[in-house]
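Have a look at the structure below, then the notes.
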Amino acid sequence: MLQVQVKSLLNNAKAGVPLNVSGTSSSPLTASSNSLPSIFPAGSAPPLSPRSSTGSPRIVKQRVSPSTLGSPLKLVSEPVKELIPQFYFQNGRPPANELKERCLFRINQFFYGHMDGLQVHEFKPVTKEICKLPSFFSAALFKKIDVDRTGFVSRNTFVDYWINAHMLAKDTATQIFTILKQPDLKYLTQDDFKPVLQELLATHPGLEFLQSTPEFQERY
C-alpha cells in the first residue's frame with residue numbers, strides 16, 4: 001500500500017498535479033512529502049540559482065585607480081638642498097669671534113695709556129705678542145700701518161689693519177707677504193726685504209760686530 005502511494009505521488013509531481021495528501025503518518029517520507037506544498041507553489045518548479053553569462057560564478061574585482069597607487073615619480077625623494085658654506089673670501093677668512101675677542105683684549109692692554117698711539121720703538125711687543133711675528137718685522141709692520149707717516153700707530157688704526165682686514169686669520173707666510181709687498185704689486189722684490197734685514201742687523205745680538213763696519217752690512 002505504501003509503495004502505491006509513493007508511486008502515485010511521484011507521478012503527480014511529474015505531471016504537475018498539486019500535492020494534497022490527507023492523513024497523518026509517522027514515517028519520515030510522509031512528513032517530508034507533507035511539507036512540499038508549503039515550499040513550492042502549485043504548478044511551479046523550484047527556482048534556479050542565478051548564473052553569469054559565462055556559466056561560472058561572477059567575481060567582482062575592485063579596480064584600483066592610479067591615484068591610490070601613487071605616482072611612481074613620487075617614490076623618488078626630492079633632492080635635499082644643502083647649504084654650501086662660503087669657502088672663498090677675497091680679503092681672507094674672517095677670524096673666529098673667540099680669537100677676535102682675545103686679540104682685542106690684548107690690544108687694549110698694550111695701548112692702554114697711549115692716547116696718541118705707540119711709536120716705533122714701543123711697537124715691538126705688539127709685533128711679538130699679538131701678531132706672533134719676529135721682532136725684526138716690527139719696523140716694516142709699523143710703516144705698513146702708519147701710511148700717513150705720523151710716527152704713531154693708534155689702537156683703532158691697528159685694529160682696522162690687523163683684525164678688520166682679516167690679517168689675524170691669515171697664515172704666517174701670507175702675513176709676511178702682505179706686510180713686505182708694495183700696495184700696488186702682487187709679488188715681492190729684492191728691495192722689499194731690505195727694511196727687515198736692516199732691522200735684523202741692528203737688533204740681533206750676534207750681528208753687533210757689523211754695526212761698526214757699515215761697508216760690510218750691505219754685502220751681508
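Along the sequence shown, residues carry numbers from 1. In this text, all values refer to a predicted model and were calculated from it rather than measured experimentally.
Nearest heavy-atom pair across H166 and K170 is O-CG, 3.4 Å. The two residues K128 and S135 come nearest to each other via the heavy atoms CD-CB, 3.7 Å. The nearest pair of heavy atoms linking E199 to K124 is OE2-CE, 3.4 Å. When all heavy atoms are compared, the tightest approach of F152 to G117 is CD2-O, 3.8 Å. Minimum interatomic distance between C103 and L168 (heavy atoms only, all atoms of both residues): CB-CD2, 4.0 Å. The shortest non-hydrogen separation linking G151 to F142 is O-CZ, 3.5 Å.
You'll find the side chain of D146 stays beyond 4.5 Å of the side chain of Y161, heavy atoms only. Residues C131 and F137 fail the side-chain proximity criterion, which asks for heavy atoms closer than 4.5 Å. Within the 4.5 Å cutoff, the side chain of I163 has heavy atoms near those of the I107 side chain. Looking at L133 and I179, their side chains come closer than 4.5 Å, going by heavy atoms from C-beta outward. Within the 4.5 Å cutoff, the side chain of W162 has heavy atoms near those of the Q175 side chain. Residues F123 and Q119 fail the side-chain proximity criterion, which asks for heavy atoms closer than 4.5 Å. Between L104 and R155, some side-chain heavy-atom pair lies under the 4.5 Å cut-off. E129 is listed as a side-chain neighbour of R106, based on a closest heavy-atom distance under 4.5 Å.
Within the 3.5 Å criterion, the main-chain N or O of T189 finds a donor-acceptor partner in the side chain of D192.
Rounding to the nearest 0.5 Å places CE of M167 at 9.0 Å from CZ of F158. Summarising the geometry, atom CG belonging to L180 is positioned 10.0 Å from atom CG belonging to L141; distances are rounded to the nearest 0.5 Å. Summarising the geometry, atom CZ belonging to F193 is positioned 9.0 Å from atom CD1 belonging to I176; distances are rounded to the nearest 0.5 Å. Summarising the geometry, atom CD1 belonging to I130 is positioned 5.0 Å from atom CZ belonging to F110; distances are rounded to the nearest 0.5 Å.
Around the CG atom of N97, the shell of radius 6.0 Å holds no more than 12 heavy atoms that belong to other residues, nucleotides or ligands. Within a 6.0 Å radius of NZ in K100, no more than 12 heavy atoms belonging to other residues, nucleotides or ligands are found. Within 6.0 Å of CD on Q86 lie more than 12 heavy atoms contributed by other residues, nucleotides or ligands.
Under a 4.5 Å side-chain heavy-atom cut-off, the cluster of Ile, Leu, Val, Met, Phe, Trp and Tyr residues that includes Y187 is completed by L185.
Remark: D148 engages no residue in a salt bridge (Lys or Arg N to Asp or Glu O under 4.0 Å) (not counting sequence neighbours).
Judged by distance alone, the side chains of T157 and S154 do bring a donor and an acceptor atom under 3.5 Å apart.
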